[in-house]
Amino acid sequence: MMKTKHLNKLKNRELGTILLTSLFILVTLASCERDFANMGTDDANRLSTLEVQDAISLQNDNSLWHFTEKPLATTEQGRLKTSLRAADFDPVGLRATANSAITVVVTHHSISSTIPQLIVGSYDRETVSVHNLVSGVNVITPTHSGDLYVRYASSNPGSGRISVSFSAGVHQIPMYILGKTTHQAWLDMLATDTTSPNVILVGNRYFSTVSKSKAIEFKDEDQDAVISTIDTTLWSMSNFSGLDGSSTQHADRKLKIMVTERPSGYMDATEFRVRIVSTQINRVLQLSSVQTNGWGLYHEFGHHHQMHQWTWNSVVGEVVVNNYTLAARRLVQPNAPGLSAAQWNAVTNYLARPDNTRIYESSAASLITRLAAFYQLYLAFGDDFYQRFHQLYRTSSFSTPNDQAEKELFMINASKVSGYDLSVFFKKWGFTAPQSVYDDMAALGLPAPATDLTLLRD
């Protein structure tokens, strides 16, 4: 738990000091406030909705932050129809100490009912607690130490803008921001910091919270190159998903994905974040690993992009996700094949099985073999097929009460989007469905593909 005291509950002997401090901070905020009204559309809609601003009168460079309203994680999930939620909060490069009061001043620059929140603690690395912030001075005393994050998100985000300053009770931790922090500044932060267990690296589409010891281990890497490459993989997944800005529904993702280092396990994706075990954290800190050994990382990021309405049953759930893995690898490793020769041989062997044993979801087909069916649709119709497929699902209200219905709907919609009757393709792959589904596909009146799609290879 945390103890929160508002201004009217402070002891009389503290009141004068706090009032003077508040007045001084508010004057400082007014003097260095960014001119939001002059921001261009591209700037206003950037993925990074926070900015740190130097303020020499405050205790360090991370003491003053500007935020614009962003969508709640659940709101963005609903728009994108993804299986997981992204992070609707941002790091501020500061850390609180247990039982030390934090003074946080919130200044509103526009009318908004959205309540800012202070998050104390990094997920998977320490205790996490969340606390509402009021306009003006907030004094919060955490019972645990932790890195600080701010959430300023709404179910119906508008033009809300706030500044948040920290004037007491916090200390700066090493934080690398793409395009702002130099490599030498990063080395200096790591060398001079003596108290922080964690560090943070911030890109345009993700941010990571990792142990300082691991950051030091990989300190000589080109941080801009590492972060930019990971940003590129995430962009490729958004592009594959048809987030082309052609409408509000198809606007680019507005929230970042958090990456955290955890002490045990391996890699997985969960709400807000991707978790990577310490022994594999080079996957996000070392350029060569990101470029040439990225399958696991891309896969977990893919879980944050896959759509729940065409991820039927747990067997296919770990297959569909690799559509995004392949999209990322095509961009980062353009010369790498989608499937290896051995994997294509396994596909050929599966497709040669007798009809009654060629069942797509059975053990006769491995996860990679099942992926080949989705990949062949890409080889046949390109990125455009999947971009329009995602867009169709985002703008439609399909009723899929169970896994079988999701699969059958996928088969029909794949034919619609491709412009071809894919009945033969799905039958050869062993997609079990009643004849009525194939009748519905035939009723679309579409031509059959000119070639056998199951023979496609890269």
Side-chain angles (χ1 to χ4, degrees), residues 2 21 25 50 52-65 89-105 118-129 131 139-150 164-203 207-224 226-227 258-264 273 275-286:
M2 300 180 77
T21 301
I25 291 170
L50 60 81
V52 64
Q53 185 157 333
D54 294 334
I56 58 174
S57 58
L58 298 177
Q59 67 179 33
N60 59 50
D61 290 343
N62 288 351
S63 290
L64 174 61
W65 293 84
F89 50 88
D90 293 288
V92 294
L94 299 170
R95 186 170 177 83
T97 302
N99 303 312
S100 294
I102 308 170
T103 301
V104 186
V105 177
L118 179 69
I119 300 174
V120 180
S122 292
Y123 288 98
D124 304 307
R125 299 195 57 74
E126 53 204 8
T127 301
V128 175
S129 54
H131 312 273
V139 179
I140 300 172
T141 303
T143 59
H144 61 90
S145 299
D147 306 324
L148 301 185
Y149 303 82
V150 170
V164 179
S165 70
F166 301 83
S167 63
V170 295
H171 67 269
Q172 191 167 8
I173 68 173
M175 183 162 76
Y176 191 103
I177 301 177
L178 178 66
K180 291 186 178 181
T181 309
T182 66
H183 178 69
Q184 186 58 52
W186 181 238
L187 296 178
D188 293 343
M189 282 187 273
L190 293 176
T192 58
D193 180 88
T194 60
T195 59
S196 305
N198 304 326
V199 305
I200 296 174
L201 299 97
V202 182
F207 62 88
S208 57
T209 302
V210 303
S211 65
K212 187 172 64 179
S213 61
K214 285 296 182 181
I216 291 173
E217 182 179 341
F218 295 99
K219 63 183 175 62
D220 293 327
E221 293 286 326
D222 183 338
Q223 283 74 40
D224 269 7
V226 172
I227 296 171
M258 183 181 192
V259 176
T260 61
E261 177 188 341
R262 63 175 180 173
S264 61
R273 61 204 188 277
R275 304 185 291 192
I276 303 177
V277 67
S278 297
T279 56
Q280 296 293 318
I281 203 64
N282 61 298
R283 304 290 189 99
V284 292
L285 295 177
Q286 185 180 48

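For reference, positions follow the sequence shown, starting with 1. Hydrogens, waters and symmetry mates play no part in the numbers below; they use all other heavy atoms, side chains included.
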Discussion item. By the definition side-chain contact (heavy atoms from CB on, under 4.5 Å), identify the one residue from Lys214, Arg95, Glu261, Met175 that meets it with Asn198.
Written reply: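 Result for side-chain contact (heavy atoms from CB on, under 4.5 Å) with Asn198: Arg95.
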
Worksheet item: Which of these passes side-chain contact (heavy atoms from CB on, under 4.5 Å) with Val210: Val259, Val199, Ile200?
Response: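 For Val210, the side-chain contact (heavy atoms from CB on, under 4.5 Å) test succeeds with only one of Val259, Val199, Ile200, which is Val199.
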
Exercise: identify the closest heavy-atom pair between [X] and [Y]:
X      : Y      : value
Gly203 : Ile227 : CA-CG2, 3.4 Å
Leu190 : Pro174 : CD2-CB, 4.1 Å
Thr97  : Pro142 : O-CG, 3.7 Å
Ile173 : Ser196 : CG2-OG, 3.0 Å
Ala185 : Thr181 : CB-CG2, 4.1 Å
His144 : Ser129 : NE2-OG, 2.8 Å

Worksheet entry | Distance, nearest 0.5 Å, that separates CG of Leu94 from CG of Asp147 |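 It comes to 9.5 Å.
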
Worksheet item: If you measure from CG on Asp193 to CG on Asp188, what distance do you get to the nearest 0.5 Å?
Response: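 Between atom CG of Asp193 and atom CG of Asp188 there are 12.0 Å.
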
Worksheet item: Considering only heavy atoms from C-beta outward, does the side chain of Val226 approach that of Leu285 to under 4.5 Å?
Response: no

Item to complete: Before giving the answer on side-chain contact (heavy atoms from CB on, under 4.5 Å), spell out for Val150 and Trp65 the whole-Å C-alpha distance, their side-chain angles and the decisive distance to 0.1 Å.
Response: CA-CA 10 Å; Val150 170; Trp65 293 84; over 6 Å; no

Fill in: Verdict with supporting geometry, Ile276 and Thr260, side-chain contact (heavy atoms from CB on, under 4.5 Å)
CA-CA 6 Å; Ile276 303 177; Thr260 61; over 6 Å; no

Item to complete: Would you please classify the geometry between the Phe89 ring and the Tyr149 ring as parallel, tilted or perpendicular, with 30° and 60° separating the classes?
Response: perpendicular

Discussion item. Checking the side chain of Gln223 only, and the main-chain atoms of Lys219 only, is there a donor and an acceptor separated by less than 3.5 Å?
Written reply: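 Yes, Gln223 side chain to Lys219 backbone: donor-acceptor pair under 3.5 Å.
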
Worksheet item: Any donor-acceptor pair under 3.5 Å linking the side chain of Tyr176 with the backbone of Trp186?
Response: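 A pair under 3.5 Å: no.
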
